[in-house]
Colleague: 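Next up is a structure, given as structure tokens.
Keep in mind that what you see is a predicted model, and the values were worked out from it rather than measured. Counting convention: from 1, in listed order, for ligands and their atoms alike.
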Amino acid sequence: MKLYYAPHTCSLSPLIVLEELGLAHQLVKVDNQTKRTADGCDFRAINPKGYVAALELDNGEVLTEGPAIIQYLADLKPEMQLAPPVGSWPRVRLQETLNFITSEIHAGVAPLFNKELPEAAATIFRERLFRRMATLEDTLQAQPFLQGTAFTVADAYLYTVLGWFSFFAIGLERWPAVAAYEKRLAARPSVQAARRAHV
Ligand SMILES: N[C@@H](CCC(=O)N[C@@H](CS)C(=O)NCC(=O)O)C(=O)O
């Protein structure tokens with residue numbers, strides 16, 4: 001398997017999952033500006049969407065979209081319980097959480113990276129994001145991980161997205177349970193290994 005990645009992006013999430021599962025993989029760095037890979041390929045020929053993460057399987061299939069990639073990986077080793085069984089109600093709940101992260105938190109922070117964004121628009125996006133963060137704070141006040149008492153792929157994804165808040169001077173201490181959660185996740189060996197490699 002090859003994971004196409006770019007530093008400081010959402011491709012950290014599948015890398016954390018690969019590390020949690022102990023799955024063999026090759027990393028291929030992508031320059032998100034030029035869309036060239038470190039081994040000299042046109043990244044758009046690999047993923048026509050032109051963004052990371054992309055996972056190339058040994059049969060040549062390329063899977064994109066972070067939530068799909070991390071669920072695919074979890075299902076390769078169901079015994080590690082990073083995702084509940086397909087078709088179960090807890091799996092539906094996991095998908096609910098992944099969709100919330102991708103559409104409300106990931107897509108909620110993403111506009112702030114745009115240097116052309118007018119300040120008034122940035123304020124609207126920040127306020128909307130803060131409302132969504134209040135939901136996560138409520139969840140993490142009640143339980144140590146997004147799905148309850150155990151780490152799942154959703155935690156790998158949320159940890160990744162929380163890492164961008166500091167770029168915009170948004171301190172996680174506004175949400176104490178989220179801040180404590182982020183510190184707990186940062187201490188996981190899988191997260192540390194992924195962060196070392198995702199450069
Ligand atoms: N819907 C995609 C979004 C992926 C995405 O936002 N990738 C960003 C990095 S976090 C990227 O590579 N952007 C470069 C670009 O759009 O040109 C997913 O959830 O995987």
Side-chain angles (χ1 to χ4, degrees), residues 1-21 23 25-57 61-76 82-83 91-117 121-122 125-126 128-129 132-133 136 146-147 152-168 170 172 182 185-186 191 194-199:
M1 264 183 302
K2 274 188 198 171
L3 178 67
Y4 292 88
Y5 80 100
H8 311 298
T9 73
C10 51
S11 52
L12 180 65
S13 161
L15 186 52
I16 292 171
V17 174
L18 283 163
E19 291 288 346
E20 283 279 337
L21 296 170
L23 286 169
H25 59 275
Q26 191 186 332
L27 286 175
V28 182
K29 189 170 179 172
V30 177
D31 182 328
N32 246 343
Q33 303 306 314
T34 62
K35 304 299 175 196
R36 305 293 301 178
T37 67
D39 53 6
C41 298
D42 173 8
F43 181 56
R44 286 203 183 89
I46 296 155
N47 176 14
K49 292 170 180 166
Y51 53 62
V52 294
L55 185 74
E56 188 175 321
L57 309 185
E61 288 265 3
V62 175
L63 182 63
T64 62
E65 302 303 320
I69 295 172
I70 57 183
Q71 289 181 81
Y72 168 77
L73 292 172
D75 291 339
L76 292 178
L82 293 193
R91 181 60 168 258
V92 175
R93 286 295 192 194
L94 174 73
Q95 289 164 337
E96 179 184 36
T97 302
L98 290 174
N99 205 69
F100 180 78
I101 300 169
T102 204
S103 62
E104 304 299 330
I105 310 296
H106 180 166
V109 185
L112 303 178
F113 282 101
N114 186 337
K115 293 192 173 58
E116 312 286 308
L117 192 71
F125 282 120
R126 285 166 80 101
R128 184 175 188 275
L129 178 65
R132 303 299 184 258
M133 288 301 296
L136 291 176
L146 287 172
Q147 299 313 108
T152 68
V153 293
D155 299 298
Y157 190 18
L158 180 58
Y159 172 82
T160 295
V161 178
L162 292 177
W164 304 335
F165 281 46
S166 62
F167 297 151
F168 311 109
I170 303 174
L172 290 182
E182 193 273 342
L185 291 187
V191 171
R195 289 185 56 145
R196 277 195 301 275
H198 198 256
V199 290

Colleague: Taking atom types as modelled and ignoring hydrogens, do the side chains of Thr9 and Tyr51 form a donor-acceptor contact shorter than 3.5 angstrom?
Modeller: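 There is no such pair (donor and acceptor under 3.5 Å, judged by atom type) between the side chains of Thr9 and Tyr51.
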
Colleague: Would Phe168 and Phe113 count as a close aromatic pair, with their ring centres under 6.0 Å?
Modeller: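 Ring centroids of Phe168 and Phe113 are less than 6.0 Å from each other.
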
Colleague: Does the plane of the ring in His106 sit parallel, tilted or perpendicular to the ring in Trp164? Use 30° and 60° as the thresholds.
Modeller: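 The arrangement is perpendicular - the two ring planes meet at more than 60°.
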
Colleague: Near ligand 1, which protein residues have a heavy atom under 4.0 Å away?
Modeller: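 These residues qualify: Thr9, Cys10, Asn32, Lys35, Gly50, Tyr51, Val52, Glu65, Gly66, Pro67, Thr102, His106, Trp164.
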
Colleague: Which residue pairs pass the side chain to side chain donor-acceptor pair (under 3.5 Å) test when at least one of the two sits in residues 36-45, sequence neighbours left out?
Modeller: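 Residue pairs passing side chain to side chain donor-acceptor pair (under 3.5 Å), neighbours aside: Thr37-Asp39.
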
Colleague: Tell me every residue that passes ring-ring contact (aromatic ring centres under 6.0 Å, His included) with His25, counting only those two or more places apart in sequence or in another chain.
Modeller: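 Expected list: none.
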
Colleague: With sequence neighbours excluded, tell me which residues meet salt bridge (Lys or Arg N to Asp or Glu O under 4.0 Å) with Arg93.
Modeller: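 Counting only residues at least two positions away or on another chain, Arg93 forms a salt bridge (Lys or Arg N to Asp or Glu O under 4.0 Å) with Glu96.
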
